[in-house]
2 protein chains.
Amino acid sequence: MDTSGRTPANVPGPAAEAAAGPVDVGGNGPKAARGRIRGGGRASASMADVARLAGVSSQTVSRVSNGYAGVNEETRRQVLAAMKELGYRPNSAARALKRGEFRTIGVITFSLSTTGNVRTLEAIANSAAHEGYAVTLLPVAVPTQDEVRGAFSRLEELAVDAVIVIMEVHLLDAATVTLPPHVQVVVVDSDAGDRYTVVDTDQAGGSRAAVHHLLGLGHRTVWHLGGPEGSFAAQRRAHAWRAALAEAGRLAPRLVRGDWSAESGYRVGLELATEPDCTAVFAANDQMALGLLRALHERGRRVPEDVSVIGFDDIAEASSFLPPLTTLHQDFAEVGRLCVEAVLRKMRQDGPERGTTIVPTRLVVRASTGPPPGGGGGGS
Amino acid sequence: MDTSGRTPANVPGPAAEAAAGPVDVGGNGPKAARGRIRGGGRASASMADVARLAGVSSQTVSRVSNGYAGVNEETRRQVLAAMKELGYRPNSAARALKRGEFRTIGVITFSLSTTGNVRTLEAIANSAAHEGYAVTLLPVAVPTQDEVRGAFSRLEELAVDAVIVIMEVHLLDAATVTLPPHVQVVVVDSDAGDRYTVVDTDQAGGSRAAVHHLLGLGHRTVWHLGGPEGSFAAQRRAHAWRAALAEAGRLAPRLVRGDWSAESGYRVGLELATEPDCTAVFAANDQMALGLLRALHERGRRVPEDVSVIGFDDIAEASSFLPPLTTLHQDFAEVGRLCVEAVLRKMRQDGPERGTTIVPTRLVVRASTGPPPGGGGGGS
DNA sequence: CCATCGGATGTTTACGTAAACATAACAGCA
DNA sequence: TGCTGTTATGTTTACGTAAACATCCGATGG
């Protein structure tokens, strides 16, 4: 762990601490070591090297390298041969410096512990690759503002043209500080569409669908196992749940919360199992639903005969739960794709272009939901 | 942690308070956009700009920026003030060009669909960040050699100093082709320790522990629900399973396979449920174990009364399965950390340094395993 | 009192690429 | 034949940074 400490070379940073004498950047002592350049081994050949071997100017090599027209076929062949012989690879740092762009997108995410973030990240990486962009990952270990600020701070000097934030934006707000002016930002999971470009799943629509599904089966009302307070997604799901019940003229039970984890779903589930009038639960994500299923099972409440459970996300395992979970499918791939699309569009047009893009959910009915115990009517 | 200390060094960290305002940034309207140069809008200021404003040479700015000693306190203050005013950020492309390193690690991974890969990636990203390195993600959509080759091809011109491959190495072999000579590679999940530096979980030890656990409970033998043929991890788990049984003088049942997914575990499980003498199953990962549990449940075989099930990975949800799953805990965080450590060490020492580092597993006993139906003896 | 030293700062140069601006060779055409 | 327009290629320059080298200055000491 501590290894970092020993490497002043690392980031000369600590200097600030003190005009006092840190540093001397010491690590550098063995200066040769640093620059993997023409040290002991060989360095990657440069255009000049290729040019020399091919007997042309480096500009011609550049033209070949970038596929410009206007190079004699014969010459091109020679250059290509020389490139191959030397194992030439364009130096992306020099290229980025010259062109002023890195062809890289930074993704800031608060841990990869939730399926949604991971799926989204995956889709972002794929879409980006497809567009010729690389993705640089910026994990934020702890979602404190300090941490986020730190991530952004690092980001500032990072080689990225744009940033996608998979995180609640309120953390972002206080930390956004000094992003380089030309870097565009797109946010997932937020209601800050007025200030940023936001791409998100239709949390409200999905939640409403969950409630309607359960009410439609005859349940008198629906309990909600919500996500943590800090999460906008959780907040909106809870809000829509309440609203849908209100619209239907039902009384909303008190809100209970987990932290997205199966474990928390289990804890809350033990509690819910003792509520005699609890016949239908809408869990804010599938993992909590899993814990809930376990708790209900342990307490002898059958699903769906005694209690119906519906989740949110449709993670791959949901169909293998006991019983297979009815849930709302989120199209994370689409969310990721749209993020990349949006951020590239912003970059290219340089338009501010705020606003929120919503990706719909889809109700997937499996075996965890059914009519309430009393039968169709529920008893209202 | 230490991060806080380090930030201010490079830059006037807290700068922005005032300059803040995420601001539209859009000012760039004119097509100057691309070059983000000093066109209509503002560009990120360069050292020269800062130098001019502070009335010093750009070299002095460089010294301040990198925290060199030997800068008069007064001068330093002026430079920092100028940096702050202009919102100066070092240009990482220029820096990389000059220094010959990017401070970035590339991670090639075949999809993020398995928990293990994701957890490892996360740990890598965290460790790398801690060392002042960024992580660039290279997803390989389909694990064909063409795809892998493509990823590596992109990688060749990518701005990375080293590469970590989370993937079976046999795909790598045919594709590794032309990695830039100075780029170091570390591989996860492989037996190619003779050719690469490999970090991996103790697949064999874990599998052996699983078998011993079940035999110790009195089962006559242990079935194995293996992973896909292409995977080295699956291969080694299966191999160790067979070996452990052999050592104990037991007959190994035929090997059945899934593809890591819960769904496949379910399919195979339906089949296993019909085997009358199947009282204990070692699933090669937790997800398949989940599907297996469902299949057994549906077929009326109780776990652990009729059949014991043990998994591998200890994913977060395993403790919430029905019943909570006995499994082998993999320390992915440690794997990731070691990967980063190894790759950085290789980079710095420029030593080939092959060999395999093994991270031990830990048996986590929960409720899915117990004595066989007949009682302790099993009936041998 | 001058030679020397070392701290503080400035100047030159190179990193590898690619845009912008030359130049050269040659074909077409009046 | 001489002018013009292409096509193929070379030369110059700049991107932002930082190492290497150069300079300046006050202080120290013989």
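As a basis for the values below, the full set of heavy atoms in this structure was taken, side chains included, without hydrogen atoms, waters or symmetry mates. Source: prediction; values computed, not measured.
With sequence neighbours left out, the salt bridge (charged side-chain N to carboxylate O under 4.0 Å, His left out) criterion links A/E73 to A/R76, A/R77. Among residues two or more places apart in sequence or in another chain, the salt bridge (charged side-chain N to carboxylate O under 4.0 Å, His left out) test is passed with B/R63 by none. Listed by chain and number, the residues in a side chain to side chain contact (heavy atoms under 4.5 Å, CB included) with B/A93 are A/A96, A/L97, A/F102, B/N91 (sequence neighbours excluded). Residues that satisfy the side chain to side chain donor-acceptor pair (under 3.5 Å) test with B/Q78, not counting sequence neighbours, are absent from this structure. Under the side chain to side chain donor-acceptor pair (under 3.5 Å) criterion, A/E85 pairs with no residue, sequence neighbours left out. Remark: A/S65 engages A/R95 in a side chain to side chain donor-acceptor pair (under 3.5 Å) (not counting sequence neighbours). Here A/S92 pairs with nothing under the side chain to side chain donor-acceptor pair (under 3.5 Å) rule; sequence neighbours left out.
The salt bridge (Lys or Arg N to Asp or Glu O under 4.0 Å) analysis of residues 50-59 of chain B, with sequence neighbours excluded, yields the pairs B/D49-B/R52. Within the structure, side-chain hydrogen bond (donor to acceptor under 3.5 Å, both in side chains) contacts touching residues 123-135 of chain A (residues at least two apart or in different chains) do not occur.
One end of the helix from C/dC1-D/dG30 to C/dA30-D/dT1 points its axis 60° away from the other end's axis, with each axis taken from 5 pairs and the angle rounded to 10°.
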Inset, instruction - Determine, for nucleotides 4-10 of chain D in 5'-to-3' order, which nucleotides have protein heavy atoms under 4.0 Å from the base (write B), from only the sugar-phosphate (write S), or from neither (write -). - result: ----SBB
Could you write out each protein N or O paired with an N or O of nucleotides 24-28 of chain D at a distance under 3.5 Å?
none

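One finds a side-chain N or O of A/R99 lying less than 4.0 angstrom from the OP1 or OP2 phosphate oxygen of C/dA18.
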